[in-house]
Amino acid sequence: MLLRPPSKFEVFGSVRFYDVCEVVSLSSMGVRGSSDVFGLDRDSLVDMASKTAIVVPVKNEDLWVFEGVVRAVPLASPLIVVSASSREPVDVYSHEVEVVKLISRLSGRRAIIVHQRDKAWVDVLAKAGLGDLLDGGNVRYGKGEGMILGVLIASWLGARYVGFIDSDNYVPGAVVEYAMAYYTGLAMLNSRYSMVRISWPYKGKLPTDDMIFRRKGRVSIHTNSILNAALSSIRRVETDIVKTANSGEHAMSLDLALKIPWAGGFAVETEELVAVLEQCYVDVEFKGEPCPMAPEGVRILQVETRNPHIHAEKGSEHLARMAAESLGVIYHSSLASNDLKVRIRATLIENYHYEEEPPQPRIYTLNHVDPGKIVSEYLSLSEMAMDIGY
Ligand code: GDD
């Protein structure tokens with residue numbers, strides 16, 4: 001892949017936020033291109049891929065769609081599937097394990113599949129000081145919670161980077177493109193605390209009779225605009241730099257992943273940005289506190305990929321919940337003025353008929369834990385997890 005480096009970035013304290021950069025060529029096959037673009041030669045691409053674990057969260061998606069995603073994750077990257085799928089009346093998880101086993105054995109790739117609700121997590125996480133992840137007898141449901149388990153496993157594997165790709169993606173080619181954008185973008189940033197977030201050219205949801213190619217996601221359009229409004233009012237300079245507040249497809253360095261606070265459920269992607277902006281901008285400039293990622297600071301790159309992002313339609317209630325959880329992050333953060341809170345509530349009522357106060361995100365921190373110890377202990381206890389091809 002060849003990327004055109006962004007011509008513009010904005011600075012918020014120690015956070016450097018790059019504008020969206022363009023994919024010049026989807027498959028450069030190791031050719032570096034002109035001096036105006038950034039691409040990796042073949043060896044560097046394989047090296048970046050092998051250092052990047054790809055986490056696929058899954059909860060009861062169509063098996064053939066999940067299988068397309070599993071087949072598309074480039075072989076050089078270790079694959080980590082974190083499933084919250086049902087065990088009964090149909091044991092969907094066992095089907096997922098079989099798919100991962102088959103494809104991994106055929107292709108010879110390293111893959112780990114775990115279940116989020118596996119009892120083997122419980123004591124291990126409680127002992128490690130991550131008891132908040134539990135809801136009594138199990139790890140809580142929630143996409144964010146699944147991603148946290150993925151981060152722990154990626155760290156245990158010794159990965160330098162971790163990338164996330166949803167399992168309800170109907171276009172395997174898009175999955176390949178996201179992975180290439182992660183490898184190339186993270187190499188281009190070449191920084192200890194780095195993040196690459198995907199912005200889609202078009203989004204669509206199946207079923208096909210309802211297919212519209214939208215330039216903007218129905219939740220991200222609001223989250224981006226509210227986060228930009230928050231930053232504009234704090235800095236007193238208008239900005240529209242944030243274009244990927246809800247990006248489920250994103251990757252970051254493990255150094256960053258283990259330092260930032262994480263949120264549960266669908267608050268997760270918004271929290272990544274809000275936490276970094278709170279800790280390395282607002283707290284630094286207005287409270288004189290040090291940024292935990294200093295002196296390097298955080299670099300965030302946004303990449304607009306070319307494949308349309310086609311994923312499953314899950315209905316208006318699902319969208320409302322996602323919007324409330326996501327906007328709840330900004331609402332309850334130090335970025336939100338009273339006026340912004342009013343605007344968030346009005347946005348939720350107007351667009352999603354969501355009348356309540358948005359929920360406070362559940363926040364988890366990983367900077368005190370030893371992921372290697374947690375995951376080794378978990379794998380030694382679990383009867384559900386599979387580690388294939390090591
Ligand atoms: N492990 C795990 N645990 N996975 C989950 C859970 C869970 O509790 N809930 C959902 N998932 C998986 C789904 O199977 C899917 O692969 C992915 O997480 C995203 O969940 P969806 O329910 O399909 O969300 P969406 O497609 O509507 O929204 C996605 O895109 C948004 C941006 O447009 C998500 O990635 C959002 O987080 C994102 O903001």
Side-chain angles (χ1 to χ4, degrees), residues 54-63 65-70 72-73 80-86 92-93 96 112-118 121 133 135 138-153 163-171 174-175 178 197-206 214-224 227 242-251 262-274 305 308-330 352 361-362 384-385:
I54 301 289
V55 173
V56 175
V58 59
K59 187 174 173 204
N60 297 322
E61 303 297 346
D62 279 347
L63 198 70
V65 180
F66 168 72
E67 182 178 336
V69 172
V70 168
V73 173
I80 301 168
V81 176
V82 182
S83 172
S85 299
S86 49
V92 177
Y93 177 65
E96 292 163 353
I112 290 139
I113 175 163
V114 301
H115 199 276
Q116 191 164 330
R117 308 280 289 172
D118 186 347
W121 285 115
L133 275 170
D135 63 0
N138 293 94
V139 173
R140 291 173 196 278
Y141 281 112
K143 184 185 177 223
E145 284 79 357
M147 287 166 60
I148 290 171
L149 300 183
V151 168
L152 296 175
I153 298 169
F164 303 95
I165 297 184
D166 287 351
S167 57
D168 62 338
N169 196 315
Y170 285 81
V171 185
V175 172
Y178 300 148
R197 300 173 75 91
I198 302 296
S199 144
W200 300 285
Y202 296 100
K203 282 193 81 171
K205 294 196 171 200
L206 293 180
R214 292 190 185 85
R215 277 290 284 166
K216 295 185 170 135
R218 280 180 292 180
V219 174
S220 37
I221 189 172
H222 301 299
T223 320
N224 288 337
L227 195 46
V242 181
K243 285 156 184 126
T244 54
N246 285 99
S247 181
E249 270 67 26
H250 61 288
W262 287 80
F266 291 112
V268 59
E269 286 93 9
T270 313
E271 171 67 16
E272 291 163 1
L273 292 187
V274 167
T305 43
H309 184 77
I310 314 281
H311 62 129
E313 168 71 72
K314 290 177 181 159
S316 50
E317 240 176 69
H318 173 78
L319 277 183
R321 188 179 131 217
M322 237 170 61
E325 289 185 18
S326 169
L327 292 175
V329 171
I330 307 172
Y352 307 98
R362 293 186 299 273
M384 296 172 78

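Hydrogens, waters and symmetry mates are skipped; everything else that's a heavy atom, side chains included, is used. Each ligand, and each atom within it, is numbered from 1 in the order the structure gives. Just so you know, residue 1 is the first one in the sequence shown, and it goes up from there.
- Applying the salt bridge (Lys or Arg N to Asp or Glu O under 4.0 Å) test to R140 and every residue at least two apart in sequence or in another chain returns nothing.
- Inclusion of K59 in the set of residues having an N or O under 3.5 Å from an N or O of ligand 1 is warranted.
- Residue S247 has no N or O atom closer than 3.5 Å to an N or O atom of ligand 1.
- For G142, the heavy-atom gap to ligand 1 drops under 4.0 angstrom.
- With T223, D166, V114 as candidates, the residue nearest to atom 35 (O) of ligand 1 on a non-hydrogen basis is D166.
- Residue K143 touches ligand 1 through backbone and side chain together, judged by heavy-atom distances below 4.0 Å.
- Using a 4.0 Å cut-off between charged side-chain N and carboxylate O, R362 and D135 make no salt bridge.
- The option with the heavy atom closest to atom 23 (O) of ligand 1, from among H309, R321, H115, K314, is K314.
- The proximity of H318 to ligand 1, defined as any non-hydrogen pair under 4.0 Å, is limited to the side chain.
- Side chains of T270 and S326: a donor on one and an acceptor on the other come within 3.5 Å.
- For E145, no heavy-atom contact with ligand 1 is shorter than 4.0 Å.
- The shortest N/O to N/O separation between E269 and ligand 1 falls below 3.5 Å.
- The aromatic rings of F266 and H318 lie perpendicular to each other, with more than 60° between the two planes, well past the 30° mark.
- For a threshold of 3.5 Å applied to N or O pairs, the pair formed by V268 and ligand 1 contains no separation below that value.
- Side-chain atoms of S83 and E96 form a donor-acceptor pair, as typed in the model, at a separation below 3.5 Å.
- For ligand 1, the atoms lying closer than 4.0 Å to a non-hydrogen atom of V82 are 1 (N).
- Residue N246 places at least one N or O, backbone or side chain, under 3.5 Å from an N or O of ligand 1.
- With hydrogens and angles left out, the side-chain atoms of H309 and Y170 include no donor and acceptor closer than 3.5 Å.
- Under a 4.0 Å criterion applied to the non-hydrogen atoms of G248, ligand 1 contributes the atoms 35 (O).
- We find the NZ-CD distance between K314 and E61 to be 3.5 Å, quoted to the nearest 0.5 Å.
- Checked options E249, E272, E269; the residue passing with R197 is E272 (criterion: salt bridge (charged side-chain N to carboxylate O under 4.0 Å, His left out)).
- Within the 6.0 Å centre-distance limit, the rings of Y352 and H222 are counted as a close aromatic pair.
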